[in-house]
Amino acid sequence: MSTRLNRLRELFRASKQYVRDSPPLKWTFRVLYWSPLYMAFVHYGYTIKYVNGRSMQPTLNPNSSLGKDLVLFDRVSTKIRHEYKRDDVVALYSPINPRLMLVKRIIALPGDIVKTLPPYPIKEVVIPPGHVWVEGDEPFHSEDSNWFGPVSQGLIESKLTHILLPWDRFGPLDGVFKRTPQRGRNWSAQSDEFQRKKKREVRVTPNPEE
Amino acid sequence: MSWRNSLIRHARRHTLTTLKLANFAFAIHFFAEYVAAIEYPSGPSMLPTISAEGELVLDNKLVCRLFPERLLRGDIVTFVSPLDPQRVVCKRILGLPGDTICVDPTGEKAPSTEHVIVPAGHFWVAGDNAAWSRDSRDYGPVPVALVKGRLVAKIWPLRNAAVFRNPSTCIS
């Protein structure tokens, strides 16, 4: 019995030495060994991803023929702090298809009253506790809460904070007003954004108990 | 010179130890999150299958991450509560997408004639202890993406240990 154990130990030592001697194997093992820390950073920290589709036009992918936007996803505020605000752009699992992720904007929080848009059967909805109302910025190409109703906050996976690429639109997603100049080409886009924001706010009656 | 060297060496060694500890802790955490975990359910909603406290159950997380369509009527699942994203609750699946469900046959929380069709990508869930359970009767169908795992077995106390077999026979 003990000889067999010894042989096993010997084999283990030999394989260890073999791994140590060949750099590619050594580095694979090293990467595998440290992968939990990397996963933790991805899960509870930040990632960079491309955003598909045109439901968030013109905030994201304003010209879909020019390619996709590279966006920074922040999970600290959703998975650790659990804070959700109106006008946040978030990524959430689709309530209809769990393998699909959607990027939408939070319109209303629990307790708010929302005036819905056409596909939804009821005119006004009170958001139940633990739920949010999400909509895309592009009302015609967006499958959002007007289709499937208020969604649970547990489905929200991360918050989109910064656009990284393309360079000319680099910057925080919620700070469109702050960073752009008063005049020029951006000015009209800015005022459009402002108009859309006003339009959203008109449809929502905030929770009186806040 | 020597004390500085030793200090640097100590610092380096302890940083590495801390990192390794964190690494190990996260490895366990992600195993529990994605593969399987032993959990301590509390609350009366699943009586008599799972008692209100003092039991440990084995939770299979892999199956619903990889194949959510393998969850069937009669499976006990854990999922993030739709009403409170920081709570995980445990209920039994009653209806799959496309099923027609009577919301509450007792007529307590909804008129007993009210029926709904479970939408695509949702489950209808209910606690075994219907009188003391907040489930789909209150918050409606639960999206599959909220489901975290399926309970496999009760492992503690040992004399009550049992594998949760799916009791449902389907006539469709």
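Just so it is clear: chains get the letters A, B, ... in the order the sequence lines come, proteins before strands, and each one is counted from 1. Computation of the quantities below employed the complete heavy-atom set of this structure, encompassing side-chain atoms and omitting hydrogens, waters and symmetry-equivalent molecules. Keep in mind that what you see is a predicted model, and the values were worked out from it rather than measured.
Between chain A and the residues B:Asp84, B:Val142, B:Ile28, B:Val144, the most heavy-atom pairs under 4.5 angstrom are made by B:Val144. Of all the listed residues (A:Pro95, A:Gly154, A:Pro98), the one sharing the greatest number of non-hydrogen pairs under 4.5 Å with chain B is A:Pro95.
The CZ atom of A:Arg99 sits 5.0 Å away from the CD atom of B:Glu69 when rounded to the nearest 0.5 Å. In this structure, CE in A:Met39 is found 5.5 Å from OH in B:Tyr34, a value given to the nearest 0.5 Å. Atom NE2 of B:His29 sits about 3.0 Å away from atom OH of A:Tyr44, to the nearest 0.5 Å. Rounding to the nearest 0.5 angstrom, the gap separating the CZ atom in B:Phe30 from the NE2 atom in A:His43 is 5.0 Å.
Counting heavy atoms of neighbouring residues, nucleotides and ligands inside a 6.0 Å radius, atom NE2 of B:His115 exceeds 12 of them. A 6.0 Å sphere centred on CD of A:Glu83 holds more than 12 heavy atoms belonging to other residues, nucleotides or ligands. Within 6.0 Å of NZ in B:Lys148 there are 12 or fewer heavy atoms belonging to other residues, nucleotides or ligands. Within 6.0 Å of atom CZ in A:Arg86, more than 12 heavy atoms from other residues, nucleotides or ligands are found, so the atom counts as buried in its surroundings. With a 6.0 Å radius and a threshold of 12 heavy atoms from other residues, nucleotides or ligands, A:Lys16 has its NZ atom at or below the threshold. Counted within 6.0 Å of CD1 on B:Ile38, heavy atoms from surrounding residues, nucleotides or ligands total 12 or fewer; the atom is thus considered open.
For A:Tyr38, no part lies near chain B; criterion is any non-hydrogen pair under 4.5 Å. Both the backbone and the side chain of B:Pro82 come within contact range of chain A, with heavy atoms under 4.5 Å apart. Both the backbone and the side chain of B:Leu19 come within less than 4.5 Å of a heavy atom of chain A.
Residues B:Val80 and A:Ser152 fail the side-chain proximity criterion, which asks for heavy atoms closer than 4.5 Å.
Smallest separation of non-hydrogen atoms from B:Leu83 and A:Pro129: CD2-O, 3.4 Å. A:Leu37 and B:Phe26 get closest at one heavy-atom pair: CD2-CD1, 3.8 Å. Here the shortest heavy-atom pairing between B:Pro85 and A:Gln153 reads CG-OE1, 3.4 Å.
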